[in-house]
Participant: 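Structure in structure tokens, see below.
Each chain gets a letter, A, B and so on, in the order the sequences are listed, and its residues count up from 1. These numbers come from the heavy atoms of this one structure, side chains and all, not from hydrogens, waters or symmetry mates.
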Number of protein chains: 2
Amino acid sequence: MRFPRYCLVIKVSTVTVSAVRVDLSLMAVRLADVAKAAGVSQATASRVLNGSDRRPKEEVAVRVRAAAEKLGYFPNAQAQALARSSAGLVGLIVHDIADPYFSSIARGAQRGLEGSGKQLMLASTERVAQAEIEAVRSFMSYRTDAILLAGSRGFDDDVLLQKVLTTYRENGGQVAMIGQPLPNTGGVHIANAVSAAALARELLGAGHRRFAVLSGEAQVTTAVQRAEGFLGQLSGAEVDADAVLQGSFTREGGYRMMRELMNTGIVGPGDGDHKPVCVFCVNDVMALGALAALREEGLSVPQDVCIAGFDDIPTLADQYPGITTVRLPLEDIGRTSAEILLDQAGAERRITVEGIPILRESTRLSRA
Amino acid sequence: MRFPRYCLVIKVSTVTVSAVRVDLSLMAVRLADVAKAAGVSQATASRVLNGSDRRPKEEVAVRVRAAAEKLGYFPNAQAQALARSSAGLVGLIVHDIADPYFSSIARGAQRGLEGSGKQLMLASTERVAQAEIEAVRSFMSYRTDAILLAGSRGFDDDVLLQKVLTTYRENGGQVAMIGQPLPNTGGVHIANAVSAAALARELLGAGHRRFAVLSGEAQVTTAVQRAEGFLGQLSGAEVDADAVLQGSFTREGGYRMMRELMNTGIVGPGDGDHKPVCVFCVNDVMALGALAALREEGLSVPQDVCIAGFDDIPTLADQYPGITTVRLPLEDIGRTSAEILLDQAGAERRITVEGIPILRESTRLSRA
DNA sequence: CTGAAAGCGCTTACAG
DNA sequence: CTGAAAGCGCTTACAG
């Protein structure tokens with residue numbers, strides 16, 4: 001948005017004559033214009049309009065507000081940011097805004113910011129580590145008051161990421177992580193291992209004895225923790241998984257690994273004698289991909305194969321049969337982390353949330 | 001992010017001694033610091049670092065870049081915005097970022113901005129007209145270069161919204177609409193009526209003769225246009241819809257209206273003699289809600305009832321049976337509208353996209 | 001090619 | 001309570 005510099009404000013209004021619109025406004029109204037119109041100093045106008053501990057006399061305030069209203073004054077947030085050394089901005093970094101996991105969190109974050117006067121800047125990094133770091137840099141340039149980082153990250157990226165975040169914090173920026181925590185960083189931590197273990201316990205309790213696990217890349221901490229938590233619980237019950245695969249932490253990854261499970265014969269049409277294998281996918285999106293592979297082969301859930309995910313993304317509400325998962329209060333998580341950031345004192349506050357296993361049709365055993 | 005004002009930069013670095021980290025950096029590095037370190041004027045440093053038509057000598061440039069790198073300089077985007085009268089920001093306003101329709105568009109918009117150096121500001125308005133206007137005001141304050149408005153809006157809100165957008169444009173801001181166009185506004189226009197008519201044509205061609213339409217609020221232009229386009233095509237074929245309901249343009253709305261359809265007996269278990277009713281929901285989310293209602297009553301799709309939506313949100317890929325819909329290239333739409341904004345000359349450019357009917361299982365007729 | 005200086009639109013000690 | 005003035009960190013004519 002470009003505002004010409006040297007010109008007088010004639011009048012801010014639009015005159016419509018038939019189909020012809022004559023535009024009379026030439027530039028944005030500045031605080032100085034409002035002050036002049038109200039017959040006060042710029043300092044006073046600022047105090048009336050944009051908040052201050054000093055409260056001008058009500059009579060003056062009324063005049064200023066009237067002038068601002070009449071001229072259509074909008075404070076220039078950039079100038080305010082510069083003068084105040086605070087931009088009123090919060091940056092949110094997600095892997096993919098089109099992924100329901102992240103868009104739910106984003107919605108929560110947006111809600112958490114409501115009424116705070118802060119605006120959200122969004123960066124969707126497409127899971128590229130470099131893009132994530134670029135996003136942090138950009139947010140630093142914009143002097144965002146805080147940065148919210150959502151999603152699991154790998155060990156390797158951490159060095160660079162941490163370095164830049166450290167710089168950010170040294171300059172007074174706040175950081176909150178969602179999901180996987182980074183050292184010295186507050187936010188909402190998801191108890192992946194424990195929650196996955198709870199799911200395994202429920203599944204065992206429901207009578208399952210045959211399992212497979214579809215996990216994500218070895219560097220994706222979240223994937224690893226979920227898989228390990230799940231497997232740990234199994235071995236505690238003296239149960240071994242038939243297979244543990246490792247692939248991409250995405251829908252496509254779930255699809256491919258399930259295909260592999262079918263190719264190797266670990267998963268196939270039920271013979272009525274054995275219990276179906278219960279396949280734990282370390283996130284819901286992967287479970288959806290796995291399901292697509294099963295459907296292509298005409299295998300039915302839960303008769304031939306049982307399936308479980310993790311996250312309880314909103315998409316699952318429309319799945320039929322219902323898919324067993326671990327419920328995470330995604331929107332709340334987003335909201336809470338925004339609130340943590342807003343709460344100055346809570347800079348280092350860290351909250352841990354445990355997921356709740358939800359057993360649905362997809363893991364229902366027909367025979368005891 | 002708060003930067004203390006009166007202090008010297010000692011050194012920007014982090015010394016790690018075993019587990020103890022000693023923080024030596026005290027404030028953000030300014031351009032003046034870099035200039036001094038490199039032994040040049042601030043003007044020269046600016047030209048080297050932040051772009052300009054004037055190109056300083058390479059030897060000097062090298063020195064400046066080295067100093068910037070060494071000190072860890074980050075340009076202050078707010079100051080740049082103030083000096084340049086351009087913030088490098090694009091505002092995106094959606095109804096609900098957690099809705100796949102909007103999050104797909106958001107992803108596209110983000111991609112369209114990639115490499116342009118522009119950052120995205122996001123506002124999710126929860127379908128509250130007032131929030132939408134507030135978002136525009138806020139974006140105006142931040143002097144965003146452009147605003148992208150996604151989603152259908154009602155007639156009533158338009159007056160206020162248009163007024164504020166007009167002010168915005170008068171100050172040089174660009175505006176693009178996605179979906180429903182506003183007068184004098186460029187962007188990506190969705191040909192709702194035509195596309196819905198095309199769907200009706202396909203459905204008729206597939207042998208359907210009994211229809212019901214679940215539409216959105218009367219003020220939601222998109223809903224009205226889709227319903228009318230669909231019905232218009234039917235009457236052209238001398239077919240009357242059994243029912244046309246009007247409710248909320250949401251998943252919940254679809255659910256309720258389908259319940260009503262069942263209560264009034266318009267939709268029910270197939271008797272094998274009649275063709276099932278084909279229910280057209282004016283968007284996919286509504287179709288999903290309608291489907292949920294059908295499942296609760298144990299009705300099957302497409303045997304008892306056929307169903308069709310509109311949008312082809314990514315969620316549909318995981319529906320089984322597949323749901324007939326009208327495909328909109330959501331991500332492309334977002335990307336294109338961002339590109340339109342980036343293209344200065346194209347301020348008033350308007351692109352129209354037609355949806356493509358995709359017939360899937362949910363409308364398959366078993367008998368010819 | 002390079003630098004001194006004004007200006008972007010605000011806020012906020014500091015005086016009055 | 002109110003105002004004059006300096007300052008926030010940049011960019012960019014304007015001279016040299």
Participant: Select one nucleotide: of D:dG9, D:dA4, C:dT12, the one nearest the side-chain heavy atoms of A:Ser46.
Facilitator: C:dT12
Participant: Show your reasoning for whether salt bridge (charged side-chain N to carboxylate O under 4.0 Å, His left out) applies to A:Glu132 and A:Arg127.
Facilitator: CA-CA 8 Å; A:Glu132 195 160 55; A:Arg127 296 171 197 281; over 6 Å; no
Participant: How many Å lie between CD on A:Gln80 and C1' on D:dG7, as a whole number?
Facilitator: 16 Å
Participant: I'd like to know if A:Arg84 reaches the base of D:dG7 with its side chain, counting only an N/O donor and acceptor under 3.5 Å.
Facilitator: no
Participant: Using atom CG of B:Leu49 as one end and atom C1' of D:dT12 as the other, report the distance to the nearest whole Å.
Facilitator: 16 Å
Participant: Looking at every heavy atom in both A:Leu31 and A:Ser46, which two are closest together, and how far apart are they?
Facilitator: CD2-CB, 3.6 Å
Participant: Find the distance A:Tyr142:OH to D:dC10:C1' and express it as a whole number of Å.
Facilitator: 13 Å
Participant: When the distance from CD of B:Gln78 to C1' of D:dG7 is rounded to whole Å, what number comes out?
Facilitator: 16 Å
Participant: D:dG3, OP1 or OP2 - any side-chain N/O from A:Thr44 closer than 4.0 Å?
Facilitator: yes
Participant: Taking the side chain of B:Ser41 as heavy atoms from C-beta outward, which of D:dG3, C:dC10, C:dG3 is closest to it?
Facilitator: C:dG3
Participant: What about B:Arg143, does its side chain sit under 3.5 Å from the base of C:dG9 through a donor-acceptor pair?
Facilitator: no
Participant: Check whether A:Ser103 reaches the backbone of B:Ser103 with its side chain - one donor and one acceptor, N or O, closer than 3.5 Å.
Facilitator: no
Participant: B:Ala43 side chain: which of C:dA4, D:dT11, D:dG3 is closest?
Facilitator: C:dA4
Participant: Check whether any side-chain nitrogen or oxygen of A:Tyr73 sits under 4.0 Å from OP1 or OP2 of C:dC10, and answer yes or no.
Facilitator: yes
Participant: Can you tell me the distance, in whole Å, between the CG atom of B:Leu82 and the C1' atom of C:dC10?
Facilitator: 8 Å
Participant: Determine, for A:Arg63 against A:Glu59, whether the closest basic-nitrogen to carboxylate-oxygen distance falls under 4.0 angstrom.
Facilitator: yes
Participant: Would you say that A:Asn76 contacts B:Tyr142 through its side chain, given a criterion of any heavy-atom pair below 4.5 Å between the two side chains?
Facilitator: no
Participant: Counting only side-chain heavy atoms from C-beta out, which of C:dC10, C:dC8, C:dT12 sits nearest to A:Asn76?
Facilitator: C:dC10
Participant: Please pick, from D:dT2, D:dT11, C:dT12, the nucleotide with the shortest atom-to-atom distance to any side-chain atom of A:Val60.
Facilitator: D:dT2
Participant: Between atom CZ in A:Phe74 and atom P in C:dC10, what is the gap in whole Å?
Facilitator: 12 Å
Participant: Checking contacts here: which listed nucleotide (C:dC10, D:dT12, C:dT12) is nearest the side-chain heavy atoms of A:Arg30?
Facilitator: C:dC10
Participant: Could you state the atom-to-atom distance from CG of B:Leu31 to C1' of D:dC8 in whole Å?
Facilitator: 14 Å
Participant: With a 3.5 Å distance limit and no angle check, can you tell me whether B:Asp145 reaches the backbone of B:Gly88 through a side-chain donor-acceptor pair?
Facilitator: yes
Participant: Distance check needed: D:dG9 C1' versus B:Asp33 CG, whole Å only.
Facilitator: 10 Å
Participant: So what does B:Gln42 touch, heavy atoms closer than 4.0 Å: a base, only the sugar-phosphate, or nothing?
Facilitator: base
Participant: Ignoring hydrogens and geometry, is there a side-chain-to-backbone donor-acceptor pair from A:Arg349 to A:Gly187 under 3.5 Å?
Facilitator: no
Participant: For D:dA6 and D:dT2, measure between their P atoms and round to the nearest Å.
Facilitator: 23 Å
Participant: Using modelled atom types and a 3.5 Å cut-off, is there a donor and acceptor pairing between side-chain atoms of A:Gln174 and backbone atoms of A:Leu341?
Facilitator: yes
Participant: What base-paired stems does DNA chain D take part in, with at least 3 consecutive Watson-Crick or G-U wobble pairs and both distances under 3.5 Å?
Facilitator: C:1-3 with D:14-16, C:5-12 with D:5-12, C:14-16 with D:1-3
